[in-house]
Amino acid sequence: MSWKKAAIAAVVGAQVIMTFAFDASAEGANVVWKPIPSVQPEFQHEMFPSEVPESGRVPAVIQLLSNIPYYDKYEDSGGPPQGYLAPQEVQVVKAGMPWSDAYNWWKVHTWLGDKWINVPTKALDVAPPKQISLLDNTFMYANPDTNSPSTGSLAPQDVEVVAAAKRWFVAENFDYNTLTWLQIHTTWLGDQWIQIPLNRIGTLRSVVPEKEYFMNVSSIPQGVGEITAEFISPFNSTSYRVETKSGVQWMYYRGARVEESQESLVLYTRTTLFAQPDSYGEEVAILQPQKVEVFELINNNPYGNTQDEPIWYHVHTSAGDGWVNKQFADPMDAKPTDVAIELKSNAELMNYPSGNWYKFAQASPQIVHPIRYWDDTVGNRWYQIDSYVGLVWLKLNSYSDRIVTDGIDPAIDMSFYTLYYNSAKIDGDELKLQDRQVGYIRDNAWYVSIPFLSCSFYRQHSAARGRRFT
């Protein structure tokens with residue numbers, strides 16, 4: 001370095017900014033390890049870095065080992081840099097995850113303000129965390145060498161970290177099961193070395209115990225467990241310790257919160273009783289209208305409900321305990337009907353509209369006489385019939401099924417499978433498509449020409465059916 005650059009360094013101190021670049025890579029050691037099955041890595045790469053040091057997932061300070069270009073804004077990173085940061089320690093404002101990848105974006109604090117830098121792992125050094133939580137029994141060694149005799153074993157506990165192997169944070173081939181060496185302090189043996197996988201480096205934090213339901217997790221009996229802690233790791237997604245009847249399980253996501261409740265619930269229509277709060281799960285019974293007692297509930301459950309009916313109720317019923325949701329029941333606004341329907345293909349029978357295929361029952365081609373009908377929010381019309389398996393719902397096959405009327409020869413027979421859109425403009429009291437009149441207004445209500453609609457749908461969906469139009 002010239003005497004001029006040395007003078008600049010003396011003035012600026014730790015925050016040195018220079019305009020030339022050179023490479024300085026750090027040495028590393030290769031470690032091979034067989035993965036522990038109880039905690040598996042799961043990573044979510046962020047397009048925009050957002051993790052802050054206070055989260056416990058990114059370091060507060062990093063050491064730059066070579067000149068690194070900086071940008072005033074993250075969005076400007078596609079263009080030329082505003083300058084370069086020389087090798088130095090910088091304070092981290094935020095970063096992407098996992099930060100130990102081959103390249104990572106950091107927002108750092110400099111004497112010129114906060115800047116964005118993209119740092120290759122080989123140009124980075126990071127001190128290990130000052131404290132970690134051991135999740136398993138862990139062997140200790142006087143030196144970082146597994147061929148030497150172990151000096152003892154530590155039960156799961158928090159330990160103080162005093163040092164680490166050089167480039168301890170590097171994952172071989174992006175495998176975060178890679179083992180690394182950390183030196184910890186003990187009160188009876190002094191400083192000792194332990195070897196653990198990167199994805200086991202983190203801190204266990206207690207949380208307010210919370211009962212939750214987990215869907216499709218065979219290791220959790222009945223899908224119910226209690227979250228008692230969370231494991232915050234720089235190299236892993238946050239995982240949760242779940243206490244279950246079969247022991248401790250680790251999950252990378254929270255389930256649906258189960259809350260205690262004491263209330264009565266009136267079921268006004270036939271309602272399906274489920275073994276779990278899952279519309280695709282085991283059906284215990286079809287409940288007749290009755291009052292049931294609620295002892296637990298799940299609000300905003302992600303497993304099968306809509307925003308219209310977000311609550312699952314755990315209830316005592318005449319058929320035993322189970323879960324109900326008002327969505328999975330006969331709709332209260334269904335209307336009576338006396339039409340006849342000619343089924344020309346097999347129709348799947350549902351225990352409620354948009355529900356599960358009831359016992360895999362079907363109605364064969366025949367004429368059926370529905371009791372009620374109901375229109376769902378997307379425009380489908382459902383019909384309820386009294387079948388050989390009891391009251392069920394079916395939806396027409398628009399390509400083949402048709403409504404039958406007594407003693408009337410219809411002038412127009414229309415059916416369609418998907419919605420067909422066209423645009424008409426208002427011309428005085430007429431609707432026109434190009435120059436053709438396709439509708440009109442009467443008593444402040446707009447009407448569309450049936451022949452126009454029927455021809456449109458006929459061309460789109462019914463050309464091969466030989467329908468008659470007049």
Side-chain angles (χ1 to χ4, degrees), residues 31 33 35-46 49-63 91-101 104 106 124-140 144 153-165 167-171 175-187 191-210 212 225-243 247-255:
V31 183
W33 181 75
I36 294 176
S38 57
V39 176
Q40 295 296 329
E42 177 181 309
F43 307 102
Q44 296 179 351
H45 293 262
E46 300 175 0
S50 60
E51 204 72 51
V52 297
E54 291 76 12
S55 68
R57 290 171 56 77
V58 299
V61 176
I62 59 174
Q63 176 74 45
Q91 294 180 345
V92 175
V93 179
K94 62 175 63 174
M97 287 295 295
W99 57 262
S100 58
D101 267 358
N104 189 58
W106 305 79
L124 179 72
D125 197 12
V126 178
K130 296 180 179 180
Q131 180 177 289
I132 64 170
S133 301
L134 300 179
L135 302 180
D136 305 291
N137 293 331
T138 305
F139 288 111
M140 297 183 295
S153 177
L154 291 173
Q157 60 184 284
D158 292 343
V159 294
E160 178 188 355
V161 179
V162 296
R167 297 179 57 73
W168 60 274
F169 51 86
V170 175
D175 181 5
Y176 286 83
N177 287 307
T178 299
L179 284 171
T180 193
W181 284 99
L182 300 177
Q183 190 179 36
I184 64 169
H185 180 71
T186 70
T187 56
D191 295 344
Q192 297 288 303
W193 290 88
I194 60 174
Q195 190 182 43
I196 61 175
L198 287 174
N199 59 25
R200 289 300 185 96
I201 295 176
T203 304
L204 193 64
R205 299 177 181 175
S206 297
V207 298
V208 177
E210 188 173 290
E212 300 201 359
E226 186 176 64
I227 292 181
T228 57
E230 58 184 11
F231 186 68
I232 309 298
S233 170
F235 307 103
N236 222 346
S237 297
T238 298
S239 54
Y240 301 92
R241 185 176 66 191
V242 184
E243 309 282 349
V248 174
Q249 301 291 331
W250 289 92
M251 301 296 295
Y252 282 106
Y253 61 91
R254 288 180 173 271

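Note: hydrogens, waters and symmetry copies are ignored here, and every other heavy atom, side chains too, is used.
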Validation row: [X], [Y] side chains within 4.5 angstrom (heavy atoms):
X: I184; Y: W193; result: no
X: V242; Y: W250; result: no
X: T238; Y: S233; result: no
X: L154; Y: V159; result: yes
X: T180; Y: Q195; result: no
X: W106; Y: W99; result: yes
X: L135; Y: P156; result: no

N-O pairing of R254 and E212 below 4.0 Å = yes
Identify, with sequence neighbours excluded, every residue that meets side chain to side chain contact (heavy atoms under 4.5 Å, CB included) alongside [X].
X: Q131; value: D158
X: V207; value: I227, E230
X: P53; value: V58, A60, V92
X: P128; value: V161, A164, W168, L182

What is the distance from atom [atom1] of [X] to atom [atom2] of [Y], rounded to the nearest 0.5 Å?
X: N177; Y: N236; atom1: CG; atom2: CG; value: 8.5 Å
X: N104; Y: E51; atom1: CG; atom2: CD; value: 11.0 Å
X: S50; Y: K94; atom1: OG; atom2: NZ; value: 7.0 Å
X: T138; Y: I132; atom1: OG1; atom2: CD1; value: 8.0 Å
X: S133; Y: I201; atom1: OG; atom2: CD1; value: 12.0 Å

Minimum-distance pair of heavy atoms, taken over all atoms of [X] and [Y]:
X: E54; Y: R205; value: O-NH2, 4.4 Å
X: I62; Y: P59; value: CG2-CG, 3.8 Å
X: P49; Y: A95; value: CB-C, 3.3 Å
X: G56; Y: P234; value: O-CG, 4.2 Å
X: D125; Y: F169; value: OD1-CE2, 3.8 Å

Residues which pass side chain to side chain donor-acceptor pair (under 3.5 Å) with [X], listed by chain and number, not counting sequence neighbours:
X: Q183; result: none
X: S100; result: Y176
X: T228; result: R241, E243

